[in-house]
Amino acid sequence: MIETKPLLATLRGTRQAVPPVWLMRQAGRYLPEYRALRADKGGFLELATDSVAAAEVTLQPIRRFGFDGAILFSDILMVPWALGQDLWFETGEGPRLAPTLTTRAVLDGLAPRPERLDPVYATVRAVKAALDPATTFLGFAGAPWTVATYMIAGQGSREQAAARRLAYNDPGLMAALVERIVAVTLDYLEGQVAAGVEAVQLFDSWAGSLSPAQFETWVIGPTARIVAGLRARCPDVAIIGFPKGAGGKLPAYARETGIDAIGIDETVDPLWAAASLPATMPVQGNLDPLALIAGGTVLDDAVDRILAAFADRAHVFNLGHGILPDTPIAHVERLLRRVRTTA
Ligand code: CP3
């Protein structure tokens with residue numbers, strides 16, 4: 001069968017004359033319609049667990065911009081929540097998790113709450129029913145290392161120091177935690193696929209903080225186990241790995257994890273990536289979110305450099321990290337025009 005969705009076809013290895021486009025965190029605070037619905041629901045978790053509202057948020061950027069991919073509106077911290085930690089969002093600060101995962105007793109004391117993920121599957125079904133057939137539907141999860149950093153610190157943390165210390169001081173506990181995350185993430189992604197997503201992205205936002213040996217152990221190893229497990233359960237799903245900050249470790253990640261496509265952040269030279277990553281592997285990225293905010297010819301030039309670097313391979317146009325809340329809508333429109341008319 002010929003794949004008619006440009007994004008899904010690209011993730012499966014077929015280069016498109018015009019690269020498909022979606023943006024990480026495209027469903028979010030830079031959109032006035034998101035901010036209105038978010039204010040209406042009162043809190044982030046209230047919004048993410050209201051399947052009707054979460055489906056609406058997923059579709060908002062598709063309606064406005066016609067992106068090639070719709071990414072499920074949820075959060076990577078739904079997994080710690082399903083593992084039994086408390087989760088809340090402090091206004092103006094960010095997520096909080098408790099109890100912090102610092103001892104074996106805390107890990108053993110967590111009572112799994114898999115039903116906390118049920119609203120997410122309902123969101124997927126609602127989006128699936130409404131999405132037009134050319135748009136690829138992406139699910140996601142945090143990769144185990146990144147999720148572990150939040151579970152251990154109880155919040156976002158500078159340099160992920162607590163998690164890195166635990167990984168050295170008690171690798172047995174770290175491994176037990178990571179394997180719990182791997183197991184629930186597999187169930188979670190399988191559930192998303194069963195409900196209707198066609199591709200998934202593993203966000204490893206803090207992959208860049210690890211030394212090479214620790215990167216092998218805590219990024220590549222667990223990611224490879226999720227990829228192998230998910231392929232066994234859902235052979236058709238396309239898997240994107242996004243190890244933010246991995247830099248020179250990207251080629252090893254690409255070769256050793258079994259992913260279908262690789263996301264690269266804005267610090268990576270696209271010409272280096274085009275030359276150094278496996279020739280048949282689709283690459284996703286990597287516009288600097290701040291170039292998008294700058295707009296004008298700064299934006300045009302940055303877009304053109306990326307398009308030129310990946311002209312000969314399967315490429316998904318994206319940012320190098322999530323879109324920022326102060327991004328002007330007109331700049332997103334300009335970006336789409338540039339990609340779709342220059343390529
Ligand atoms: O891409 C999308 O549009 C889908 C939705 C999505 C959200 N979070 C919604 C969200 C996705 C894919 C994520 C991933 C996520 N969440 C990551 C990995 C990607 C990255 O940015 O590094 C991480 C580390 C988180 C954890 C998280 N969630 C933080 C640190 C915060 C607060 C700060 C911030 O970036 O907003 C959140 C809250 C969150 N998740 C919001 C949204 C739209 C903002 C909540 C609000 O409306 O107040």
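Counting starts at 1 for both ligands and their atoms, following the listed order.
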| request: Please lay out, stage by stage, how Arg64 and Glu33 fare under the test salt bridge (charged side-chain N to carboxylate O under 4.0 Å, His left out). | output: CA-CA 10 Å; Arg64 192 187 261 275; Glu33 58 269 37; 2.9 Å; yes

Quick look: Leu72 vs ligand 1, heavy-atom contacts under 4.0 Å, and the answer is backbone

- Is the shortest distance from a heavy atom of Trp206 to ligand 1 less than 4.0 Å? no

| query | Which class fits the ring pair Phe73 and Phe44: parallel under 30°, tilted 30 to 60°, perpendicular over 60°? | reply | perpendicular

At under 4.0 Å between heavy atoms, what of Pro61 touches ligand 1? The answer is neither

Is Gly28 in polar range of ligand 1, meaning some N or O pair under 3.5 Å apart? no

With heavy atoms and a 4.0 Å threshold, my read on which part of His321 contacts ligand 1 is side chain

Filtering Gln26, Met24, Arg29 for the heavy atom nearest atom 33 (C) of ligand 1 leaves Arg29

Going by the 4.0 angstrom heavy-atom rule, the piece of Arg38 near ligand 1 is side chain

In ligand 1, the atoms that come under 4.0 Å of a heavy atom of Ile76 are 14 (C), 15 (C), 16 (N), 17 (C), 23 (C), 24 (C), 25 (C)

In terms of its nearest heavy atom to atom 29 (C) of ligand 1, the top option of Gly94, Pro95, Ser74 is Pro95

Polar side chain donor-acceptor pair, Asp300 to Thr297, under 3.5 angstrom:
no

### Message
Measuring only between side-chain heavy atoms, which start at C-beta, is Tyr34 closer than 4.5 Å to Pro325?
### Response
no

### Query
Do we see a donor-acceptor contact under 3.5 Å between the side chains of Gln284 and Gln201?
yes

of all protein heavy atoms, closest to atom 45 (C) of ligand 1 is Phe44 CD1, 3.3 Å

Closest to atom 21 (O) of ligand 1 (heavy atoms only, candidates Met78, Arg25, Gln155) is Arg25

- Side-chain donor-acceptor pair present, Glu198, Thr136, cut-off under 3.5 Å: no

_Counting only heavy atoms not in Asp312 (residues, nucleotides, ligands), do more than 12 fall under 6.0 Å from its CG?_
no

